[in-house]
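Bear in mind that the values here come from a model prediction, so they are computed numbers and not experimental data.
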Amino acid sequence: MIIETENLRKIYRTEVVETTAVDGINFGLSEGQFVTIMGPSGCGKSTLLHVLGLIDGATAGSYRFLGEDVTGYAESKRARIRKANIGFVFQSFNLIEELTVFENVELPLLYANVPRHERRKRVHALLERMDIVPRADHFPAQLSGGQQQRVAVARALVNKPKLILADEPTGNLDSEHGAEVMRVLLELNKEGTSILMVTHSASNAAFSGRIVSLLDGKIVADRATGN
Amino acid sequence: MRNYLIILLRTLAREKLYAAINIAGLALGIGCATILGLFLRNELTFDRHHLQHDRIYRVVNEFTVNGNSDRFALTSPLLGPMLAADNPQIKAYVRFQSNAPADGGGIAIHHGNDTYYWKHSFIVDVNVFDVFTHHVIYGNPKTALQDGASVAVSETFARKYFGTRNPIGQVISTDSGTPTRITLVFADLPSNTHLKYDLLFSRNLPALRDTDNPELRRQALWDAGNYTYLLVSPDFDPKSWPRISDEFYKRHMESMAAAIHGQWRSWLQPLTATHFQSEVEYDEPNGNRIYLYGCMAIALFLLVTACINYTNLATARAMRRARSIGIRKILGASRGVLALQFLGEALFFALVALLLGTLLVAGILHLTPINSLLGDEVRMDLLGDPALLLSLLGTGLLVGLVSGAYPALYLSSWAPVAAMTGRYVPAKAGRRVREGLVLLQFTISAVVIACTLLMYAQMRYVANKSLGFEKENRLIVTLRGAAAIEKLATIRTELGKDSHILGLTEAQIMLGEPTPVNLIRIDDNNGASIAASMAHMPIGKDFVKVMGLKLVRGRDFSQDLLTDAGAGFLVNEAMVRKFGWTEPLGKRIRLGPRGGKVIGVVEDFNFKSLHSRIEPFAMWPISDDFSTIPAAARPFQQRLLVLDVSGTEVNETLEYVARVMAKIDPLHPFEFEFLDRQLDNLYKTEHRLMQLIGILAAVCILIACLGLFGLAAFTTEQRSREIATRKVLGASAWQIITLLSRPILALVLVAAAVASVLAYLGIGEWLASFAYRATMNPLLFVVAALATAAVAFVTVALQAYKTASSDPVVGLREM
């Protein structure tokens, strides 16, 4: 199992209000699975994704990632696990504006202290795979939405993660580019990469093998799609 | 590293305003702090160019007569040789006796048809070059002054008369006409030399030989006319000096001390400390530690203000960078890596600013009269001064580290998801820190503004205060040589023909110059003769009238009463109070060979600068009878004519006076000065300091405003949606401006209140150097506060107006 949670909770507290975004989630993700989390706006899907992706900590409950109990880990420890095992694809791409396409994809390798020669090799390979080599020296502002998302996918893959987390990966794309991105994700899953995706889109969800429905921070349904 | 640098340069290219503000602020701060640092270094390294500086001391002494003490930098000419004879640890002594006139006009040096006046001229012992280090251009320092008719001159002197020619062997003369041969030329002394000179005449003359007569030697020890320097052995312990001085006093001076109810003591000043030892009279112009501390504080303020700018701007623009920071963290950047990145940015800015700041310094030093403002010769020679280069680099690095530390820690601390998703809400602590830094910046600026205003008020008070005598329209003309002085009657007649000349008198020294202080015998209130010391000066006919002094008792000197000429004294009210005279008229005073009675009392007047309280003072009639003085001394007699001129057609009056004087004394170029300008020179240092602090106040506030402008830009950008909404709901541009300015103004007013207290405390120390002070008007603090607030308001308003007057849809589009 890659992910195992038990009674996972995430509560946001301000001076006046307490909001339970994730409320007692028991969830598991096996290797090679492609799982979609769906639900209405504000149901806690993105929050759950962030907690499972170790970019946010849980308030209560337990979480095991690749067999390691990561509950209560500080950000520095989470970062260590994250950069070695998880790739992220966001709705708004989150490319860094002042870096070129090449440099954006290279960034995770820099943080992982990969040698220069190796970095160049891996980045080139991914740019080729995503068919954006001619844009390697361009800045994000010079790319279309689809191209930006392909760069984001390349960046997510460059460290050869075991798991990809995709938060509304086609939310800012037109149908053609959106379908293109979903095809890439499916390909990756067939190659063995586990994928956990959050989406509103039923057609996107159909690409996955399992759909988990969330409502008010709780899992209300968890079914296989037959894919 | 290369990657970070490339990214940084790209970021700067996109945020040009931010980059410009930061670099400008840091460059200004570093540049001005560097100039002050160079000045400080100059001040703190006085006389260190003398190789033996750590073994050279100046002897200074205190004479006490009847309980009144006077401390002098000058000592008896016999002190050096007699101390050396008694103490083997004293390896050498050098005496410097000024032979320039006491009025500060300079000694006249003739060569052919050229005559110029030189203020810095001394008669010295022949071993001066063995003790003090000089860069000799021509001549042999070992033998240069062996001949009594020889002189060593500075490069400036040599150039003035001889151009680029070697002047060795050339003959010059003073007013005595005695030929003196130039035997050595030395390079001009560095600006950080306490005792400056252009001429060193040999002391090896029969007239200056130390007397062997024991009685005369004992008497001579109570005179003061030489700066005495001692070169001691390497193992000399300065703590032993009180014992040495005490033994000397007991052996050589105590017997005479008993007769005059006197006492004497001495102490040593290390050569490198003489520049700041200002507690003695008759010293060369001193440095002032208060000014130094002030300059140090301001240099620090400037750097701190510039660093605060960077810190504030870096944290303010954090919102723009939040997403980038969040993504980097998600992708695996550790806090340490991010912190180093931001620190690196700060260091980059600091080093670019250092480069620009250094260019700024070079430009200022070469193109502006900053050195006259500092009163010092400040130079920057990076290639020839590795220590300076390293210091500058060190400063740049320090500025970068200090500026970047807080942003590095702050920006790298954010949780990744909150930063990335824009849900990041800056902690109150972050905003409080920024507000605190703005408060500090404007407090500093307000303090400097308040100090400038207070100093201005004091200097205005000094300029306008009645000194008890007339200083306006008083022309001072120097009359050199007995031959010219003996023509005074002719001078009076000729000058009296000009209707613009309303009065004429003479004196030997002018009010405001140091006056002689001598031992006297004086009647106490009961008529018993007691010893005392007294400041005094001889005055000519009509001095009281021409100078506007007010007689309160008795009468002025009369030309008709022969007794006055040799036997009368005018005293001031302070003298009357000091000796408790119920009836001052008729009290006897004996000043050396001159004995007489008090014939009149004048109202107290400030015969010294306003740094000093009015002391007891006496005046006696000048004698222009030179029949008893040696012929050799005749050329060195000097008088100051004081003319009361009408104040209209001044140039014409000057030309007329010059023509008359040229006929009377064709040998000397016409020398004149106006008294009020001469008196202003007493406060030259204060004026310079005031101008300097005024300029620095402007720089401080400029840097603070640069930062405020940048902050305002970010704040308005951050609040653009809110502003757009308010405009849609009906807010006017003015309402938007006040909304954005109010928090800053509140901070600035708090800063001004704090600054007022600090300025009041800080300036007190400087004001204490004046015996007469302006009342501290609280309105000055209000003005300083309002000025600071006004500048801050305009700065913020400029930026706020831009946003306030833009189309609301621009801000709403982001929704």
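Using a 4.5 Å cut-off between heavy atoms, A:Arg155 touches chain B through its side chain atoms alone. Heavy atoms of A:Leu95 lying under 4.5 Å from chain B belong exclusively to its backbone. Residue contact with chain B, scored on non-hydrogen atoms closer than 4.5 Å, involves the backbone and the side chain of A:Thr100 alike. With a 4.5 Å cut-off on non-hydrogen atoms, B:Arg10 touches chain A through its side chain but not through its backbone. No part of B:Ser334 comes within reach of chain A, as not one of its non-hydrogen atoms sits under 4.5 angstrom from that chain.
When all heavy atoms are compared, the tightest approach of B:Lys329 to A:Arg82 is O-NH2, 2.6 Å.
Atom CG of A:Asp216 has 12 or fewer heavy atoms from other residues, nucleotides or ligands within 6.0 Å.
Listed for the B:Arg328 side chain is no donor-acceptor partner under 3.5 Å among the backbone atoms of A:Tyr111.
Residue with the most contacts toward chain A among B:Ser324, B:Ala333, B:Ala13: B:Ala333 (heavy-atom pairs, distance under 4.5 Å).
Of the inter-residue distances, the one linking B:Leu331 atom CG with A:Ile96 atom CD1 reads 6.5 Å to the nearest 0.5 angstrom. We find the CD1-CG distance between B:Ile330 and A:Leu54 to be 11.0 Å, quoted to the nearest 0.5 Å. Here the CD1-CD1 distance, from A:Ile55 to B:Ile327, works out to 10.5 Å after rounding to the nearest 0.5 Å.
With A:Glu98 as reference, B:Ile7 is the one residue of B:Leu8, B:Ile7, B:Leu9 to meet the side-chain contact (heavy atoms from CB on, under 4.5 Å) rule.
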